[in-house]
Student: 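Just passing along the structure, written as structure tokens.
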2 protein chains.
Amino acid sequence: MAMGTGQSSRISAGRLEIRPEEHAALVDGRPLSLTVRELQLLVTLAEHPQRIMTREELFAEVWASEPRREDRSVDVYVSRLRAKLGEALPGAQLIHTHNGIGYRFSPDG
Amino acid sequence: MAMGTGQSSRISAGRLEIRPEEHAALVDGRPLSLTVRELQLLVTLAEHPQRIMTREELFAEVWASEPRREDRSVDVYVSRLRAKLGEALPGAQLIHTHNGIGYRFSPDG
DNA sequence: CCCCTGCGTTCACAGGATTTTCACAGCCCT
DNA sequence: AGGGCTGTGAAAATCCTGTGAACGCAGGGG
């Protein structure tokens, strides 16, 4: 995989499909209306399924800089993302919290 | 990869794999949801397979200090760890008690 | 044989730490 | 000016940690 920024062309996770190059995330073929940040965060998480990613890693990928010591941005965007994903996929638990560390994307439960 | 003090990069024990650097312990590739303490304890035990480790040794590694005379923390966390491991690997007996001494991690039975 | 003791295991809980969510002000773009 | 996006602070909710206490088990002594 010789991608510059690490963008896979497509990522599937059950009924969810992500197309980074098209700036789109679809559920059953219907696009979610995610903001740029939300999508970037989802892409970053989904590019590393089952991997626990720290806030620093996520911030580095999505914001392309280092977070302040007490930055809650990642948490806030995870929350917004969950809200929109939960609306389109009720009951699904795609993003898991790992206390004291960060977050993890898991295609299944 | 600048490696820390005594952290092996990966430890395998049958279906269990531990990746200290990623703050993760996996069973069949799926991460267990361990707390920081639980993971530290598991790492410490698993770094010395087949070796009986005293409470003092474990406490020193995980808590980075000395236990009070009647500290039950190690026992409690071993118990919690066993519960979570037993859930993911029913029937497995990874952590053995050595009466009057401490605990031992054994990859096989 | 029964009781007592020592040890390990687990439960319950309070305090602290962390995460989640809400509300809002500034920005950018149209 | 209007509408949505962003990031920040702070309250609310949740989880983690360590502790004391109860419970079970095994061995020794009466």
Side-chain angles (χ1 to χ4, degrees), chain A residues 23-25 31-45 52-87 90-106, chain B residues 23-25 31-45 52-87 92-106:
Chain A
H23 308 286
L32 300 174
S33 58
L34 303 180
T35 71
V36 172
R37 283 273 192 273
E38 289 161 0
L39 182 66
Q40 284 177 315
L41 180 58
L42 177 58
V43 168
T44 303
L45 280 166
I52 301 170
M53 303 196 70
T54 65
R55 276 166 236 279
E56 286 73 19
E57 287 176 313
L58 292 169
F59 203 91
E61 287 279 345
V62 177
W63 278 259
S65 63
E66 284 183 15
R68 299 170 312 141
R69 208 181 321 281
E70 312 201 298
D71 202 317
R72 295 262 136 253
S73 298
V74 171
D75 302 66
V76 170
Y77 276 89
V78 166
S79 174
R80 289 172 180 163
L81 200 44
R82 278 173 171 161
K84 292 189 179 177
L85 287 173
E87 212 172 306
Q93 284 280 52
L94 291 167
I95 304 175
H96 298 259
T97 304
H98 283 254
N99 221 294
I101 309 175
Y103 297 94
R104 172 176 58 91
F105 181 87
S106 167
Chain B
H23 309 285
L32 300 174
S33 59
L34 303 180
T35 70
V36 172
R37 283 270 191 278
E38 288 162 359
L39 181 66
Q40 284 176 315
L41 180 58
L42 177 58
V43 168
T44 303
L45 281 165
I52 302 171
M53 303 196 70
T54 65
R55 276 166 237 278
E56 286 73 19
E57 287 177 312
L58 292 170
F59 203 92
E61 287 278 346
V62 177
W63 279 260
S65 62
E66 284 182 15
R68 299 170 313 140
R69 208 180 325 279
E70 311 201 296
D71 203 318
R72 298 263 134 245
S73 298
V74 172
D75 301 67
V76 170
Y77 276 89
V78 165
S79 172
R80 288 173 180 163
L81 201 44
R82 279 172 169 161
K84 291 189 179 178
L85 287 172
E87 212 172 307
Q93 285 281 51
L94 292 166
I95 303 174
H96 299 260
T97 304
H98 283 255
N99 226 290
I101 311 177
Y103 297 95
R104 172 176 58 90
F105 181 87
S106 168

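Only this structure's heavy atoms are used, side chains among them; waters, hydrogens and symmetry mates stay out. Chain naming here is simple, since letters A, B, ... match the order of the sequence lines and numbering starts at 1 in each.
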Student: Is there a side-chain contact between I52(B) and H98(B) in this structure, where contact means two heavy atoms from C-beta onward sitting under 4.5 Å apart?
Tutor: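 Result yes, sub-4.5 Å side-chain heavy-atom pair found.
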Student: Under 4.0 Å between a side-chain N or O of T97(A) and OP1 or OP2 of dT20(C)?
Tutor: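 The answer is yes; a side-chain N or O of T97(A) sits under 4.0 Å from OP1 or OP2.
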Student: Can you tell me how far P of dT19(C) sits from CG of L81(A), to the nearest Å?
Tutor: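 That distance rounds to 17 Å.
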Student: Between atom CG in L41(A) and atom C1' in dC5(D), what is the gap in whole Å?
Tutor: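 Distance check: L41(A) CG to dC5(D) C1' gives 15 Å.
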Student: Quick one: is dT20(C) close enough that its OP1 or OP2 comes under 4.0 Å of any side-chain N or O from Y103(A)?
Tutor: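 Indeed, a polar side-chain atom of Y103(A) lies that close.
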Student: From CD1 of I95(B) over to P of dT10(C), roughly how many Å is that when rounded to an integer?
Tutor: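 So the two atoms are 11 Å apart, to the nearest Å.
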Student: Please report, rounded to the nearest Å, how far the C1' atom of dT9(C) is from the NE2 atom of H96(B).
Tutor: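 After rounding, the gap between these two atoms is 16 Å.
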Student: Would you say the side chain of R55(B) lies within less than 4.5 Å of the side chain of D75(B), judging by non-hydrogen atoms?
Tutor: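 With C-beta onward as the side chain, the pair touches.
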Student: Can you check side chain to side chain contact (heavy atoms under 4.5 Å, CB included) on V36(B) and H23(B), steps first, answer last?
Tutor: CA-CA 8 Å; V36(B) 172; H23(B) 309 285; over 6 Å; no
Student: Do E56(A) and F59(A) come close enough that some side-chain heavy atom pair is under 4.5 Å?
Tutor: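 No, their side chains stay 4.5 Å or more apart.
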Student: Report the distance from atom CD of Q93(A) to atom P of dT20(C), rounded to the nearest whole Å.
Tutor: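 Going from CD in Q93(A) over to P in dT20(C) covers 11 Å.
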Student: Do N99(A) and T35(B) have side chains that approach each other closer than 4.5 Å (heavy atoms only, starting at C-beta)?
Tutor: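 SC-SC contact between N99(A) and T35(B) ruled out.
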Student: Quick check: do Y77(B) and L58(B) have side-chain heavy atoms less than 4.5 Å from each other?
Tutor: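 In short, these two side chains do not touch, never coming nearer than 4.5 Å.
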Student: Does the side chain of V62(B) come within less than 4.5 Å of V43(B)'s, by heavy atoms?
Tutor: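 Heavy-atom side-chain distance check fails, nothing below 4.5 Å.
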Student: Counting C-beta onward and ignoring hydrogens, is there a side-chain heavy-atom pair between Q40(B) and W63(B) closer than 4.5 Å?
Tutor: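 Heavy-atom side-chain distance check fails, nothing below 4.5 Å.
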Student: Do R82(B) side-chain atoms and I95(B) backbone N/O form a donor-acceptor pair below 3.5 Å?
Tutor: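 The answer is yes, because a donor-acceptor pair under 3.5 Å joins these two groups.
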Student: Classify every nucleotide of nucleotides 10-22 of chain D by which part a protein heavy atom approaches to under 4.0 Å, writing B for the base, S for the sugar-phosphate alone and - for neither, in 5'-to-3' order.
Tutor: -----SSBBBS--
Student: Is S79(B) close enough to dT10(C) that one of its side-chain N or O atoms is under 4.0 Å from OP1 or OP2 there?
Tutor: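 Result: yes.
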Student: Provide, to the nearest angstrom, the distance between the CG atom belonging to D75(A) and the C1' atom belonging to dA23(C).
Tutor: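 Between C1' of dA23(C) and CG of D75(A): 17 Å.
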Student: Could you spell out the base pairing of DNA chain D as a dot-bracket line? Use Watson-Crick and G-U wobble contacts where both distances are under 3.5 Å, [ ] for crossing pairs, | for partners on a different strand.
Tutor: ||||||||||||||||||||||||||||||
